[in-house]
Amino acid sequence: QVQLVESGGGLVQAGGSLRLSCAASGRTFSRYTVAWFRQPPGKEREFVAAVNWSGGTTYYADSVKGRFTISKDNNQILVSLQMNSLKPEDTAVYYCAAGRSDYLVRAIIGYDDWGQGTQVTVSS
């Protein structure tokens with residue numbers, strides 16, 4: 001089990017940028033796929049982006065492709081989500097998640113450990 005601590009959320013105007021961070025506590029992200037999910041107000045949690053255990057493969061939802069970038073640091077203790085060209089529809093609580101699945105990277109069931117979430121609000 002790995003404990004996850006998110007940071008970096010906040011309020012930003014449309015077109016702006018934010019950088020979310022997910023730090024591992026207790027153990028590193030080595031051998032874990034790490035993802036970001038989000039839950040907009042009144043909607044279900046949805047996949048945003050993921051990076052595999054080596055950091056060499058990334059996955060994105062179509063809605064954020066080209067605007068968001070996920071990355072894992074070389075020390076395997078920090079995963080970041082750089083969010084550019086933000087839109088009001090990106091408003092949500094963003095969750096970091098870690099799991100050992102190599103193929104369920106877009107599914108909630110592929111992840112065992114979750115952070116508490118951080119609020120991102122994009123104003124129009």
A.B. asks: Taking the side chain as every heavy atom from C-beta outward, state whether Tyr94 and Gln39 have any pair of such atoms under 4.5 Å apart.
C.D. replies: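 No - every pair of side-chain heavy atoms lies 4.5 Å or more apart.
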A.B. asks: Once you round to the nearest 0.5 Å, how far does OG of Ser54 lie from CG of Asp102?
C.D. replies: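 Here the rounded value is 9.5 Å.
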A.B. asks: Is there a path of hydrophobic side-chain contacts, each under 4.5 Å between heavy atoms of I, L, V, M, F, W or Y residues, that connects Met83 with Tyr95?
C.D. replies: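 The answer is no; the residues belong to distinct hydrophobic clusters.
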A.B. asks: Using the six-membered ring of Tyr32, assess whether NZ or CZ of Arg100 lies under 6.0 Å from its centre and within 45 degrees of the ring axis.
C.D. replies: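 The answer is yes; both the distance and angle limits are met.
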A.B. asks: Do Thr33 and Asn52 have a side chain donor and acceptor closer than 3.5 Å?
C.D. replies: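 There is no such pair between these side chains.
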A.B. asks: Quick one: are Val120 and Thr91 in side-chain contact, heavy atoms under 4.5 Å?
C.D. replies: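 The answer is no; the side chains never approach within 4.5 Å.
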A.B. asks: Going from CG on Asp73 to OG on Ser21, what distance comes out if it is rounded to the nearest 0.5 angstrom?
C.D. replies: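 It is 9.5 Å, given to the nearest 0.5 Å.
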A.B. asks: When hydrophobic residues are tied together by side-chain contacts of less than 4.5 Å, even through go-betweens, does Val12 share a cluster with Leu20?
C.D. replies: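 The answer is yes; both residues are in one hydrophobic cluster.
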A.B. asks: Hey, are the side chains of Ile108 and Arg45 touching, using non-hydrogen atoms and a 4.5 Å cut-off?
C.D. replies: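 When only atoms from C-beta onward are counted, Arg45 and Ile108 do touch, with a gap below 4.5 Å.
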A.B. asks: Looking only at heavy atoms, what is the nearest atom pair of Gln76 and Trp53, with distance?
C.D. replies: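 That would be NE2-O, 3.4 Å.
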A.B. asks: Applying ring-ring contact (aromatic ring centres under 6.0 Å, His included), can you list everything that pairs with Phe37, at least two apart in sequence or on another chain?
C.D. replies: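 In terms of ring-ring contact (aromatic ring centres under 6.0 Å, His included), with neighbours along the sequence ignored, Phe37 is linked to Phe47, Tyr111, Trp114.
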A.B. asks: Which heavy atom of Arg67 sits nearest to which heavy atom of Ser63, and what is that distance?
C.D. replies: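 Looking at all heavy atoms of both residues, the closest pair is NH2-O, 2.9 Å.
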A.B. asks: A side-chain contact here means heavy atoms from C-beta on lying under 4.5 Å apart; do Ser71 and Val79 qualify?
C.D. replies: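 Sidechains of Val79 and Ser71: no contact.
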A.B. asks: Heavy atoms only: give me the nearest Ala50-Ala35 pair and the separation to one decimal.
C.D. replies: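 Distance-wise, the nearest heavy atoms are CB-CB, 3.7 Å.
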A.B. asks: Measure across Thr69 and Tyr60 and return the closest heavy-atom pair with its distance rounded to 0.1 Å.
C.D. replies: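 Minimum heavy-atom separation between Thr69 and Tyr60: CA-OH, 3.3 Å.
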A.B. asks: So do Ile70 and Ser80 actually touch side chain to side chain, heavy atoms under 4.5 Å?
C.D. replies: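 Not touching, per the 4.5 Å side-chain cut-off.
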A.B. asks: How many angstroms lie between CG in Asp112 and CD in Gln1, if you round to the nearest 0.5 Å?
C.D. replies: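 Taking CG in Asp112 and CD in Gln1, the distance rounds to 9.0 Å.
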A.B. asks: Considering only heavy atoms from C-beta outward, does the side chain of Thr118 approach that of Val93 to under 4.5 Å?
C.D. replies: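 When only atoms from C-beta onward are counted, Val93 and Thr118 do not touch, as no gap falls below 4.5 Å.
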A.B. asks: If you round to the nearest 0.5 Å, how far is OG1 of Thr28 from CG of Leu78?
C.D. replies: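 Between atom CG of Leu78 and atom OG1 of Thr28 there are 12.5 Å.
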A.B. asks: Of the non-hydrogen atoms in Val105 and Ser101, which two are nearest, and what is the gap between them?
C.D. replies: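 Looking at all heavy atoms of both residues, the shortest contact is CG1-O, 4.1 Å.
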A.B. asks: Just checking, any donor-acceptor pair under 3.5 angstrom between side chains of Thr121 and Gln119?
C.D. replies: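 Short answer, yes.
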A.B. asks: If you look only at pairs with a residue in residues 16-39, which of them pass as a salt bridge (Lys or Arg N to Asp or Glu O under 4.0 Å), with sequence neighbours excluded?
C.D. replies: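 Only Arg38-Glu46, Arg38-Asp90 qualify under salt bridge (Lys or Arg N to Asp or Glu O under 4.0 Å).
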A.B. asks: I need the minimum non-hydrogen distance between Ala14 and Ser124, along with the two atoms involved.
C.D. replies: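 Closest pair (atom of Ala14, atom of Ser124, distance): CB-CA, 4.4 Å.
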A.B. asks: Please lay out, stage by stage, how Val122 and Lys87 fare under the test side chain to side chain contact (heavy atoms under 4.5 Å, CB included).
C.D. replies: CA-CA 6 Å; Val122 184; Lys87 305 175 181 180; 5.5 Å; no
A.B. asks: May I have the step-by-step check of side chain to side chain contact (heavy atoms under 4.5 Å, CB included) for Asn84 and Phe68, ending in yes or no?
C.D. replies: CA-CA 6 Å; Asn84 298 327; Phe68 292 10; over 6 Å; no
